Every structure is written in C-alpha cells, then in structure tokens.
Amino acid sequence: MRAAIEAHDAGADVGVVSKLHPTRSHSGAAEGGINAALGNSAPDSPESHAYDTVTGSDFLGDQDAIEIFAREAPSDIYQLENWGAVFSRNDEGKLAQRPFGAAGSPRTVYAADITGHVLIQVLYEQLVKRGIKVYEEYYAWKLVEDGGRCRGVIAWDLLRGGLKAVAGSSVILAPGGVGRVDRVTTNAYACTGDGTGMALRLGVPLKDMEFMQFHPTTLYPTGILLTEGCRGEGAYLLNKDGERFMERYAPNALELASRDVVSRAEQREIEAGRGVNGNVMLDMRHLGAEKIISRLPGSRELAMTYAGVDPIYEPVPVRPGAHYHMGGVSTDVDGRTELAGLYAAGETACVSVHGANRLGGNSLMETITFGRRAGNAAAEEAYIAGSPSEIPASALADAERELGRLLGRSGGERPWQIREELGESMFQSFGVFRREEPMRQQLETIAALRERYASVVVEDKGAVFNSDLTQALELGACLDVAACMLKAGVERRESRGAHARPDDYPERDDENFLKHSETRLVDGEIELGWTPVTITQWQPEARTY
Ligand SMILES: Cc1cc2nc3c(=O)[nH]c(=O)nc-3n(C[C@H](O)[C@H](O)[C@H](O)COP(=O)(O)OP(=O)(O)OC[C@H]3O[C@@H](n4cnc5c(N)ncnc54)[C@H](O)[C@@H]3O)c2cc1C
C-alpha cells in the first residue's frame, strides 16, 4: 500500500491486487513497533540505527541499503503520523520510543501493542482518499514475462471464479512472508510465500533464502506471537529452575539480546532438559498490573485466550517459532529485480537490510521506506515505458490449460497431508539449530513432497471462494520456497545470524561465507550461486550482547 501511494503520487495509474482485503494483511498483526532514530527517549542517530542493524544482521546486510534505511526512516515516521497514525506519546508529548532487542537506544515507535493494526488502517485510508483501485480477493498466481519485461499478473478471481489478466507497465510484488512453511509460526495463514514462488518460477533470483528468523516468544501450541515489547518493558525469561538463564548467554543485554541469540539460548535450555514441557517461561509479574494493562494489553489478552494464563499472576510458557523471512526476491535499493519492470518490496523482498538476522521493529519500517522507494522507481519506469503493457493471449491460454489440468483431476492425494508433512519436517530439520544429516534428509523429503504435489487433487470444483484451490496453489509456493531454503542452508557451512550449525560449523566464517546466497530456477532445477555483500564503513567484528 505504501508503494501504491507513492506510485500514484508520482503520477502513475495504479491498481492493487490482493488476495485479502488489504486491512486483513499480516502487517495488521504486528504488535511491538517500528524503528526510527528520532531520539525522543534517549540520544540517538541514524548512524547508530545503521550500526545496530549491521551488527544485528551479523554483517550480511548490505550497508548501502542500511544507511539509506536508517537515514530515511525518521521522515517516513512523521509522514505516517501526519497521515493520522496515533502513536503512543511520552510525557513531553513527543512520540514515545521503547527499547527493543539489540538496539543501542530506545528506538521503537509504537501504538500500544497494536502498531501494525494502526498503520494498516492509515495506509488503507490513504488509498481510499486517492481513489486507488483495489482488486481485493484476487489471488495473483503467475507473473507474465514477454520480450524480456514483466507485463503483469494472472490472477484467480476468488469471489466469482475465473482467471483474469492484470497488465502493468511495472509490477511491484509485495505479498509478504512465508512463515507457513513451518508448523510452528507466528505468521497468518495467508503468509505462504506466493510472491517469492512466482518470481522463482520466472527465473528471477532469490537471495539469502536460508535465513528464517525464529522469534523467541511464541505461545505453545499455536505459535501465536507475544511481542518483543514484553521484554522491552522488562519481562524476564526463566527456565524450569526459575533461573534467568540469559545471564549465561548474553550477560549485558540479557533478554534484549538479538532474536537469534535469545532463540538459541532457549533452545539450548530446552534441549538440556531445563525447559518446561518444551518451553521456557516469560515472566511479567514484576511489571505490575498497571503497566501490563496499559502497555501490553493485547499480549495479556493473547496469553489469557490462547495459553489460559494471565501474565499479571503467572509466567507464560513460550518457545521459538518461525517468524520472519530475511531472504526473498533479490532487489536493489529501489526495489528493482533482475527482470525489467518487476519490483519487490516488504517481507517478500531481500534488499538486503536485515542480512542474517532482522532486528525487531525494522521490518515494518522496511515495508514503508523501501515500499515508498519501489513505488517511486516503478512509476518512473512505467512513465518511460510509455504505452501500457499488454498480456499476450497465449500467456492467459497457457494458464487456463494448467488450471484446467489441476481442476480436471478427479483422483489423488489432497494437499493438506503434504502441507502437514512439510510444516512438521521443516520444524524438525530446519529450525533454530541446523544439522547436516537432517538437512540433507529434508532436501529429499521436499523433493518427494514436490513430486506428490505434482498430482494433487482439488476436490472442490466450484468458482466461488474455492479455498481448496487457493490452498493448493499456496502449497506449491511453500514447497518451492522450502526447497530454496534447504538448498542454500546445506551449502552455507558456517553459523551466522539465524543460520546456526552448532555441531559442524559453530563459528561465523567471513573468509568463505561473507556473501549472499542466490537461488534461481534453471531448466526446472534450483541452482545456487553467491553474490558479494556491500560494505561501506563497518568491517565485520565479533558480535557480543
Ligand atoms: C505476529 C507478527 C508480529 C510482528 N510484529 C512486528 C513488529 O512489531 N515490528 C516489525 O517491524 N515487524 C513485525 N513483524 C513483521 C512484519 O509485520 C512483517 O514483516 C510485515 O508486516 C510484512 O509486510 P508486507 O506488506 O510485506 O506483507 P503483508 O502485510 O503480509 O501483506 C501481504 C499482502 O499481500 C497479499 N497477497 C499475498 N499473496 C498474494 C497473492 N498470491 N495474490 C494477491 N495478493 C496476495 C495479501 O493479501 C496481503 O494483503 C511481525 C510479524 C508478525 C507475523
């Protein structure tokens, strides 16, 4: 939506295609906040924000992108505020900022613990105000390339059925994350990596796919998130003996070390038998009822509803869950991909700002700052392209035939079983800790699942809200994305950020692996390559919290 607003304001004729109503996007579930160096709670600067992001990324983030990000974030926040975002305020009446993990200063702007909800309403209002056309409840299935350019998408009309061709002189992919490859995830059911899958199938390169972030505080058994804001406000993590175990893993930052560090510490405690039924405990009792109710009302409600625990009186069982995909469609700092006319922004893109590990609060900011930049660049390219794009009739006919084959099949396996097996096996073999043998096995498991997927049956043949069909298509994206994750994961023989190999390669290896992995589809096979990391002013150093 931020990209659409910018492209519209730059003079482009914009349409937004979305499988959900835009305000139901996963962004609306973001709780904790959005980072910009405003310096309202303590001295801060874009340089410190950039430095924290670079170290947080375990030096895999591209520093030119990170510098732009940290520099442009503050004005993007004021813009949102001017549009009507009701951020929480401090006693001086300025925008309040709370501490978040691995941030050198309290830098996270927030609206209680419903920040994403507030932002998504504000952006949608701006779309409505501008009269930007939203094709809501259209499932984008295929990107169309013709003559070396992206020409638009082919989408399934969820409400009425049927394929529709949506042409565009520029196309910006922004379909969010892919947490649904995992069984335990904070992500909504819609986060199935559709965009990453579409780009892959068109031969567009993906970057750093092995890096899936595990958030340290997700509820058992659902994987629903309790925001980092809980620890930001002072919550402790305890093991079964009541010990604040982070003292052993990150003696300075404790619970507010970066997410990869905290998730690994929890996993170690759990594997060493010091967990509580496969969890550790998040203790907020000492914060007091007033603070919990005023600052973290949503988290309290989630804990009460989904774990049956009121954090005012009892600690909440939590464990690491798949949360955010650092990898994605490879772009430059204006969202451009390798294919002319195709852009990507938001969680589906890999610019790369987050490198091997994203800092909490940096993702919402990335969607805004790089969404805006992609919108502007895409509008300019559309203007230069001049005449409107057209989707060749043959592309639509090919898609019709492929869909016809899928819907025409009458016997065979239904997709849900494959989805379950994928989610469970990813959780077991590609979680917080990665080990050579399970990863190799997982590659084979995914290959076998992809083979089974090739003959799945969609039992519902109807046109109206055929979720049987869309879930089958989504599963295809999940399988492709998972295959790329594993392909790169096996070959990254080091531990960096969220990719931890405790047994065989426990250390970061800058000599051999200070580089981005790049996966792309060539003749139906996923091929792996490597590209350099951009370093401007910060040389790799040891990371301690
Ligand atoms: C529970 C939770 C809490 C979080 N909290 C924070 C936080 O406090 N701070 C922070 O910085 N980050 C947070 N994050 C991360 C951050 O919210 C996300 O990375 C970010 O919001 C992703 O935004 P997006 O616009 O890329 O994707 P989304 O918000 O997921 O939007 C994707 C859009 O694409 C559409 N779409 C997807 N596939 C298709 C398709 N095939 N066809 C048509 N449309 C499609 C969907 O309908 C949706 O409208 C959180 C994430 C989660 C899951």
Side-chain angles (χ1 to χ4, degrees), residues 141-146 148 150 154 173 175 178 180-182 192-212 325-331 337-340 342 344 348-350 352 395 398-399 401-403 405-406 412-413 415 418-419 421-423 425-426 429-430 434 436-456 472-494 499 501 512-513 515-532:
W141 180 33
K142 283 177 184 297
L143 289 166
V144 180
E145 188 240 277
D146 187 41
C150 184
I154 292 177
L173 272 175
V178 64
R180 285 283 147 189
V181 294
D182 258 280
T192 47
D194 302 352
T196 320
M198 276 188 268
L200 177 76
R201 274 171 246 138
L202 214 59
V204 174
L206 311 179
K207 189 155 66 189
D208 293 338
M209 292 295 284
E210 62 276 37
F211 294 102
M212 171 64 86
H325 192 209
M326 273 75 71
V329 181
S330 183
T331 75
T337 71
E338 198 182 85
L339 179 64
L342 181 65
T348 209
C350 181
S352 143
D398 287 349
R401 259 195 306 279
E402 191 179 331
L403 192 74
R405 274 198 301 275
L406 176 60
E413 187 176 12
I418 299 177
R419 187 169 57 236
E421 286 179 38
L422 175 69
S425 61
M426 288 297 280
S429 338
F430 207 60
R434 284 128 188 227
E436 178 85 15
E437 241 338 276
M439 276 197 288
R440 292 210 173 274
Q441 253 166 31
Q442 182 62 6
L443 263 176
E444 284 172 30
T445 303
I446 294 169
L449 292 175
R450 286 172 97 196
E451 213 169 291
R452 276 162 59 191
Y453 176 75
S455 53
V456 285
L473 301 179
E474 288 170 344
L475 176 61
C478 282
L479 286 165
D480 288 350
V481 168
C484 294
M485 287 176 168
L486 265 294
K487 179 90 181 175
V490 168
E491 296 302 325
R492 186 173 283 281
R493 296 196 172 81
E494 64 160 353
H499 185 65
R501 301 184 61 156
N512 296 305
F513 288 102
K515 52 190 182 184
H516 299 293
S517 71
E518 188 181 83
T519 40
R520 64 167 87 213
L521 204 62
V522 181
D523 297 331
E525 294 292 322
I526 293 166
E527 285 195 356
L528 180 71
W530 303 92
T531 60

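Nothing here was measured: the structure is a model prediction, and the numbers come from that model. One-based numbering along the sequence shown.
Applying the ring-ring contact (aromatic ring centres under 6.0 Å, His included) test to Phe513 and every residue at least two apart in sequence or in another chain returns Trp530.
Residue Arg452 holds its CZ atom at 10.0 Å from CG of Leu479, rounded to the nearest 0.5 Å. The structure places CZ of Arg492 at 9.0 Å from CG of Leu528, a figure rounded to the nearest 0.5 Å. In this structure, CG on Leu143 lies 8.0 Å from CG on Leu339, to the nearest 0.5 angstrom. In this structure, CG in Leu173 is found 5.0 Å from CG in Leu342, a value given to the nearest 0.5 Å. Here the CG-OG1 distance, from Asp208 to Thr531, works out to 7.0 Å after rounding to the nearest 0.5 Å. Met198 contributes atom CE, which lies 11.5 Å from atom CG of Leu200 (distance to the nearest 0.5 angstrom).
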- Message: Determine whether Lys487 and Met209 satisfy the following criterion, side chain to side chain contact (heavy atoms under 4.5 Å, CB included), listing intermediate values before the conclusion.
- Response: CA-CA 9 Å; Lys487 179 90 181 175; Met209 292 295 284; over 6 Å; no
- Under the side chain to side chain contact (heavy atoms under 4.5 Å, CB included) criterion, do Leu422 and Met426 qualify, and how do the steps go? CA-CA 6 Å; Leu422 175 69; Met426 288 297 280; 3.9 Å; yes
- Task: Please lay out, stage by stage, how Gln442 and Ser425 fare under the test side-chain hydrogen bond (donor to acceptor under 3.5 Å, both in side chains).
- Result: CA-CA 7 Å; Gln442 182 62 6; Ser425 61; 3.0 Å; yes
- Task: With side chain to side chain contact (heavy atoms under 4.5 Å, CB included) as the test, would you mind laying out the steps for Val181 and Thr192 before giving the verdict?
- Result: CA-CA 7 Å; Val181 294; Thr192 47; over 6 Å; no
- Item | Full working for side chain to side chain contact (heavy atoms under 4.5 Å, CB included) between Arg493 and Arg501 | CA-CA 8 Å; Arg493 296 196 172 81; Arg501 301 184 61 156; 4.0 Å; yes
- Query: side-chain hydrogen bond (donor to acceptor under 3.5 Å, both in side chains) between Ser429 and Gln441: does it pass, once the steps are laid out?
  - Reply: CA-CA 8 Å; Ser429 338; Gln441 253 166 31; over 6 Å; no
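Contact of the Ser352 side chain with the Lys207 side chain is registered, since non-hydrogen atoms from C-beta on lie closer than 4.5 Å. The closest side-chain heavy-atom distance from Leu521 to Val204 is not below 4.5 Å. Between Glu494 and Asn512, every side-chain heavy-atom pair lies at or beyond the 4.5 Å cut-off. Taking 4.5 Å as the limit, some side-chain heavy atom of Trp141 sits within range of a side-chain heavy atom of Leu403. Side-chain contact between Leu473 and Leu406: present, with at least one pair of heavy atoms (C-beta onward) separated by less than 4.5 Å. By the 4.5 Å heavy-atom criterion applied to side chains, Met212 and Met326 are not counted as neighbours. Within the 4.5 Å cutoff, no side-chain heavy atoms of Leu206 are placed close to those of Glu518. In this structure, Met485 and Thr519 have side chains that are not in contact, with every pair of non-hydrogen atoms separated by 4.5 Å or more.
With hydrogens and angles disregarded, a donor-acceptor distance shorter than 3.5 Å links the side chain of Tyr453 to the backbone of Ala472. Looking at Ser330, its side chain never comes within 3.5 Å of a backbone N or O of Pro205 through a donor-acceptor pair.
Of the charged side-chain nitrogens involved, none lies within less than 4.0 Å of a carboxylate oxygen, so that Arg419 and Glu474 do not count as a salt-bridged pair. Taking 4.0 Å as the cut-off between side-chain N and carboxylate O, Arg450 and Asp480 count as a salt-bridged pair. Note on Arg440 versus Glu444: no salt bridge recorded, every NZ/NE/NH1/NH2 to OD/OE distance being 4.0 Å or above. Ion pairing between Glu210 and Arg434 fails under the 4.0 Å rule for side-chain N and carboxylate O. Using a cut-off of 4.0 Å between Lys/Arg side-chain N and Asp/Glu carboxylate O, Glu527 and Arg520 are scored as not salt-bridged.
Thr445 and Glu421 form no side-chain donor-acceptor contact under 3.5 Å, judged by distance and modelled atom types alone. With hydrogens and angles left out, the side-chain atoms of Thr348 and Thr196 include a donor and acceptor closer than 3.5 Å.
Heavy atoms only, all atoms of each residue included: Gly148 and Ala340 are closest at O-CB, 3.7 Å. Heavy-atom minimum distance, Pro415 versus Leu475: O-CD2, 3.5 Å. The minimum heavy-atom distance between Leu443 and Leu486, with the atom names listed, is CD2-CB, 3.7 Å. Between His516 and Pro532 the shortest heavy-atom distance is CD2-O, 3.3 Å. Closest approach of Gly193 to Ala477, counting heavy atoms only: O-CB, 3.6 Å. The two atoms that bring Ala395 and Ile154 nearest to each other are O-CD1, 3.6 Å, heavy atoms only.
Ring geometry for His499 against Phe211 counts as perpendicular: the plane angle is over 60°, on a 0 to 90° scale with 30° as the lower cut.
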